[in-house]
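Heavy atoms only: backbone and side chains are in, while hydrogens, waters and symmetry mates are out. Every number for a ligand or one of its atoms is a count from 1 in the order of the listing.
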Amino acid sequence: MKPLRRRTHQVRIDHLTVGSEAPVVVQSMTNTDTADAQATALQVRELSEAGSEMVRITVNSPDAASKVAEIRSRLDDMGCPTPLVGDFHFNGERLLAEFPDCARALSKYRINPGNVGKGAKGDEKFAFMIRTAAEHDKAVRIGVNWGSLDQSLAKRMMDANLASANPRQPEEVMKEALIVSALESAQKAVDLGLPEDKIILSCKVSNVQDLIQVYRDLGSRCAYPLHLGLTEAGMGSKGIVASTAALAVLMQEGIGDTIRISLTPEPGTSRTQEVVVAQEILQTMGLRSFTPMVTACPGCGRTSSTVFQELARDIQQYLRMQMPVWKDKYPGVESMNVAVMGCVVNGPGESKLADIGISLPGTGETPIAPVYVDGERKVTLKGDNMAAEFLAIVQEYVETNYGEGGKKRNAPRVIPIQAA
Ligand code: SF4
C-alpha cells in the first residue's frame, strides 16, 4: 500500500521544501563544540556527504554564536550548501541580537517554548526570536520536548484537569500539554507576523507508543509540517529499533515531513550512523531512494562459510561509498537492487528478482556462483576471486544502465507519493 502524505503548508528552507508532496527530508545534528568552527564545519560536511539534507548545530553561547557565520562560510567554500539549523535554548534572543551574522547565516531556527523563559519575560524573548526570523525570512521549528515542557502550561492544564468532573490520567494531560504548547506557540508566532509557511512543529517524547499517539493527534489538529523523531532513542540496535518502530507507523499514515534519528553514537563511531538509519527507514518503506540496496539472506546451516556474509557487507559498503559520485554521474542508480544469497534454496530466485544478484555455493554444493543480471543468468563465477569479479560486474552494470544513454538512467522505481 502506498502511504498518502498528510497535506500541510510547504516550508522552503534554502533549496529544500518540507511538507505535503515534498520528499521527507533527512536531517541530523552535530556533536562538536560549535565554537570550534573548523571541527563543526567538517562534521556538517561529513553528515551532508552521508546524506543529511539539513544539519542542526547547537547555538548555546556567545562563543558558539560568534562562529556560525564562519561555519557557513567554510561550508560554502567547501561546496557544501547544506542548510544550517540553529538550536536555541535559554538565551537564543540574546545571541540573535548580539550576533546578527549568526541570525543571517542560519537557514532555520529551532525554538523550544519550554526553554525560552517564564511569564512576560519569556513572551518577550519568544517574540524577539520570532520577529528576528521573520525579518531575516527564516523558517522556525517550534520544538517541544517532553523533558523540557513549559511548566506553567503543564501546571495550568493539570489544575484544570483536577477541577474537572471527569479528570483524565496525569500522563494523558501531559501529552495534551505537549501538543497545546506547540500549537499555542505556533499561533503566537503567526500573530507576531511569521507566516504559517515558515513554521514546522515537533513534539518529541522518548516512548514509542506515546510518540505515535502524540503525533497522530498533533497531525490531525494543524496543517504545519512535522519534524518527526523519537528523542533520546538510545544507543545501538535499541535506538535503531525504537526509532524505526515509531517512525514507520507514523510515516505509513503520512505523518512526518522531516526526520531525525536521535542515536547515541557508540564511543569512537561516526556520527553519520543516524543519517544512514534515517535513509534506510525511508528507502525500505519505499518512500525515497538514496543508495542501491543489498538483499541478503540471513544464512543458515546450509552455508557454513562466511564468504557470503563478507560479500554482502563489502558490497553494501562499496555501494554506499560510491554514492557521492554516482548520484550525479549515474542518476537512478539509487534504486538499484543487488542480491547476495548464501545457497541455491532461495539464491537464484532472489537473484533473478534483483537487478543483479549472486548466489554463492552452500555447504556441499558445487563451488560455483551463478550471477543473474536483469533476471537472466549471465555468468558463473568460481575460484578465490569471486568477490572482486562480482564487484567488477556490478560496476559495469552501473555504467551500462545508469551512465549516458543507459536504459535505467533517471528511472527511479519509487512512485512519488501523493498528498491525501
Ligand atoms: S538462501 Fe540458503 S543459506 Fe541463505 S538462509 Fe536460505 S537456505 Fe540458508
Side-chain angles (χ1 to χ4, degrees), residues 1 236-245 247-249 252 266 273 276-323 326 332-398 400-402 408 412-414:
M1 187 180 76
S237 61
K238 185 266 170 184
I240 295 170
V241 170
S243 295
T244 307
L247 268 59
V249 169
Q252 187 66 19
E266 304 269 359
Q273 189 192 16
V276 174
V277 172
Q279 289 187 332
E280 288 180 343
I281 292 173
L282 291 171
Q283 186 151 355
T284 52
M285 289 187 71
L287 293 171
R288 292 189 66 184
S289 292
F290 298 95
T291 196
M293 295 293 276
V294 174
T295 301
C297 78
C300 69
R302 291 183 63 92
T303 177
S304 53
S305 92
T306 56
V307 171
F308 98 95
Q309 295 166 323
E310 288 158 6
L311 183 59
R313 179 200 60 199
D314 293 349
I315 288 279
Q316 184 76 71
Q317 286 175 353
Y318 170 79
L319 294 172
R320 185 164 280 283
M321 280 171 54
Q322 305 312 309
M323 280 314 288
W326 280 10
V333 72
E334 64 276 5
S335 299
M336 183 175 75
N337 285 310
V338 179
V340 179
M341 301 295 289
C343 83
V344 294
V345 170
N346 292 323
E350 285 289 350
S351 296
K352 283 182 195 169
L353 288 173
D355 291 292
I356 183 163
I358 185 169
S359 176
L360 290 158
T363 309
E365 295 175 6
T366 311
I368 58 170
V371 174
Y372 292 81
V373 174
D374 290 331
E376 301 290 332
R377 186 163 171 161
K378 176 184 163 85
V379 66
T380 300
L381 303 180
K382 54 182 97 163
D384 297 332
N385 208 23
M386 284 193 290
E389 289 172 23
F390 183 62
L391 275 179
I393 293 170
V394 171
Q395 177 70 47
E396 184 195 334
Y397 183 87
V398 169
T400 305
N401 287 280
Y402 301 95
K408 297 190 177 182
R413 278 186 210 148
V414 177

For Met323 against Pro292, the heavy-atom pair lying closest together: SD-CD, 3.6 Å
Residues in side-chain hydrogen bond (donor to acceptor under 3.5 Å, both in side chains) contact with Glu280, at least two apart in sequence or another chain: none
For atom 8 (Fe) of ligand 1, every protein N/O/S atom that sits closer than 2.8 Å, waters excluded: Cys300 SG
Partner residues of Gln317 under the side-chain hydrogen bond (donor to acceptor under 3.5 Å, both in side chains) criterion, sequence neighbours left out: none
Please tabulate, one pair per line, all N/O donor-acceptor pairs under 3.5 Å involving side-chain atoms of residues 369-383, not counting sequence neighbours.
unit_1	atom_1	unit_2	atom_2	d
Asp374	OD1	Tyr397	OH	2.6
Asp374	OD1	Lys408	NZ	2.8
Asp374	OD2	Tyr397	OH	3.4
Arg377	NE	Thr380	OG1	3.4
Arg377	NH2	Thr380	OG1	3.1

Glu396 side, atom CD; Asn401 side, atom CG - distance, nearest 0.5 Å: 9.5 Å
N-O pairing of Glu334 and Arg288 below 4.0 Å: no
